[in-house]
Amino acid sequence: MKNRITTLLGLFVLIVAIGQQDDNTDINKTLNAWHKAAADADFETYFGLMTYDGVFLGTDATENWQNQEFRAFSKPYFDKGKAWNFTAVERNIYLNEAADLAWFDELLDTQMKLCRGSGVLKKVGNDWKIAHYVLSIAVPNENVSELVAMKKVSDSILTKKLKAN
């Protein structure tokens, strides 16, 4: 009896692990296809891989794009046949217990050199969709002081404006 329980428990753990591996594979495919769609300027595929209410946070402090606004902003770039080209060089994926929500972080090779992407995906039907994405420019710690000095004036103006609202 004890051997049967141990065997069943082992099978359950294996099934869960395989399921999670399948989800990780599907999530990787979704993220890779999303980045490829941008590189190929494939507007429909790119936005088809996001949720209807998806959010994209860009590198500029003012870039908090809700899906419809992001579509409008991005359309001219896609129409010119040149959006952006991000390739993941490292990615970590995490799943909730129900395996219907995932979050991730990735290091990207981009035209801006190394960037960090992170976000949330939701399972919609059988498909993983990007619900929230954050893009950050990776700055070496030894260059932070220089960067802060470069953006001091514009950040001060924007901070004052935001606090006034």
Side-chain angles (χ1 to χ4, degrees), residues 23-96 99-125 127-165:
D23 283 325
N24 282 355
T25 299
D26 291 344
I27 291 165
N28 270 313
K29 285 180 183 176
T30 296
L31 291 168
N32 289 339
W34 191 58
H35 290 315
K36 184 175 181 344
D40 294 344
D42 183 347
F43 185 86
E44 294 305 321
T45 298
Y46 185 83
F47 284 98
L49 291 167
M50 293 181 76
T51 61
Y52 178 77
D53 59 350
V55 175
F56 185 99
L57 301 180
T59 58
D60 189 286
T62 63
E63 291 182 308
N64 184 333
W65 301 103
Q66 305 306 301
N67 190 303
Q68 296 305 311
E69 295 169 322
F70 189 44
R71 285 173 180 260
F73 166 80
S74 301
K75 187 85 167 92
Y77 295 97
F78 280 82
D79 287 348
K80 289 178 188 168
K82 187 173 181 174
W84 41 89
N85 191 355
F86 300 167
T87 303
V89 294
E90 177 183 275
R91 182 178 290 144
N92 299 295
I93 298 171
Y94 312 91
L95 286 166
N96 69 343
D100 61 356
L101 190 67
W103 56 99
F104 68 95
D105 59 82
E106 58 186 5
L107 195 58
L108 303 163
D109 182 12
T110 80
Q111 65 273 12
M112 298 174 283
K113 297 300 176 202
L114 288 178
C115 287
R116 174 76 63 194
S118 61
V120 175
L121 291 97
K122 292 185 346 186
K123 199 159 198 178
V124 179
D127 299 322
W128 285 99
K129 301 277 185 172
I130 299 159
H132 193 97
Y133 192 83
V134 180
L135 178 65
S136 306
I137 296 174
V139 178
N141 288 333
E142 60 270 14
N143 299 117
V144 170
S145 295
E146 185 181 345
L147 177 64
V148 169
M150 288 173 47
K151 60 191 220 102
K152 184 177 180 179
V153 173
S154 60
D155 279 5
S156 295
I157 293 167
L158 182 58
T159 301
K160 187 181 277 188
K161 179 181 171 185
L162 293 170
K163 286 182 177 181
N165 290 336

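Heads up: numbering here begins at 1 and tracks the sequence.
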*How long is the gap from OG1 on T87 to CG on D109, to the nearest 0.5 Å?*
6.0 Å

*Could you state the interatomic distance from CG (D42) to NZ (K36), rounded to the nearest 0.5 Å?*
8.5 Å

*At their closest point, which heavy atom of F86 faces which heavy atom of T110, and how far apart are they?*
CD2-CG2, 3.3 Å

*Under 3.5 Å, is there a donor-acceptor pair between the side chain of N143 and the main chain of L147?*
no

*Contact check, side chains of K123 and D23, non-hydrogen atoms, under 4.5 Å*: yes

*Check whether any side-chain heavy atom of L135 sits under 4.5 Å from a side-chain heavy atom of L108, and report yes or no.*
yes

_A quick test of your reading: do over 12 heavy atoms of other residues, nucleotides or ligands sit less than 6.0 Å from NZ of K122?_
no

*How far does CG of N64 sit from CG of L57, to the nearest 0.5 angstrom?*
5.0 Å

*Student check: side-chain heavy atoms of N67 and T51 closer than 4.5 Å*: no

*May I have the step-by-step check of side-chain contact (heavy atoms from CB on, under 4.5 Å) for M50 and W34, ending in yes or no?*
CA-CA 9 Å; M50 293 181 76; W34 191 58; 3.6 Å; yes

*Would a 4.5 Å heavy-atom cut-off, applied to side chains only, mark R116 and V134 as touching?*
no

*For Y52 and Q68, run side-chain contact (heavy atoms from CB on, under 4.5 Å): C-alpha distance rounded to whole Å, both residues' side-chain angles, the deciding distance at 0.1 Å, then the answer.*
CA-CA 8 Å; Y52 178 77; Q68 296 305 311; 3.6 Å; yes

*Can you name the closest pair of heavy atoms from A37 and F78 and give their distance?*
O-CE2, 3.9 Å

*Could you tell me how the ring of F43 sits relative to the ring of F47: parallel (under 30°), tilted (30 to 60°) or perpendicular (over 60°)?*
tilted

*Between K129 and G48, is there a donor-acceptor pair closer than 3.5 Å when you use the side chain of the first and the backbone of the second?*
yes

_Just verifying a value: how many Å separate S118 OG and R91 CZ, rounded to the nearest 0.5 Å?_
12.0 Å

*Output the distance between atom NE2 (H35) and atom CG (L49), rounded to the nearest 0.5 Å.*
10.5 Å

*Verify, without hydrogens or angle tests, whether N32 (side chain) and N28 (backbone) share a donor-acceptor contact under 3.5 angstrom.*
yes

*Indicate the atoms forming the closest heavy-atom contact of A102 with L95, along with that distance.*
CB-CD2, 3.6 Å

*Where is the tightest heavy-atom contact between A83 and A38, given as atom of each residue plus distance?*
CB-O, 3.1 Å

*So, do L31 and W128 sit near enough that their side-chain heavy atoms are less than 4.5 Å apart?*
no

*Would you say the side-chain atoms of E69 pair up with the backbone N or O of W65, donor to acceptor, closer than 3.5 Å?*
no

*For the atom pair NE2 (H132) and CG (L121), what is the distance rounded to the nearest 0.5 Å?*
11.5 Å

*Is it true that atom CG of N141 has more than 12 heavy atoms of other residues, nucleotides or ligands lying nearer than 6.0 Å?*
no

_ring-ring contact (aromatic ring centres under 6.0 Å, His included) partner of Y46, the single match among Y77, W84, Y133_ = W84

*Minimum heavy-atom distance between N96 and W103, given as atom pair plus value*: N-CZ3, 3.7 Å

_Using a 3.5 Å distance criterion without hydrogens, assess whether the side chain of N85 forms a donor-acceptor pair with backbone atoms of Q111._
no

*For atom CE of M150, is the number of surrounding heavy atoms from other residues, nucleotides or ligands below 6.0 Å larger than 12?*
no

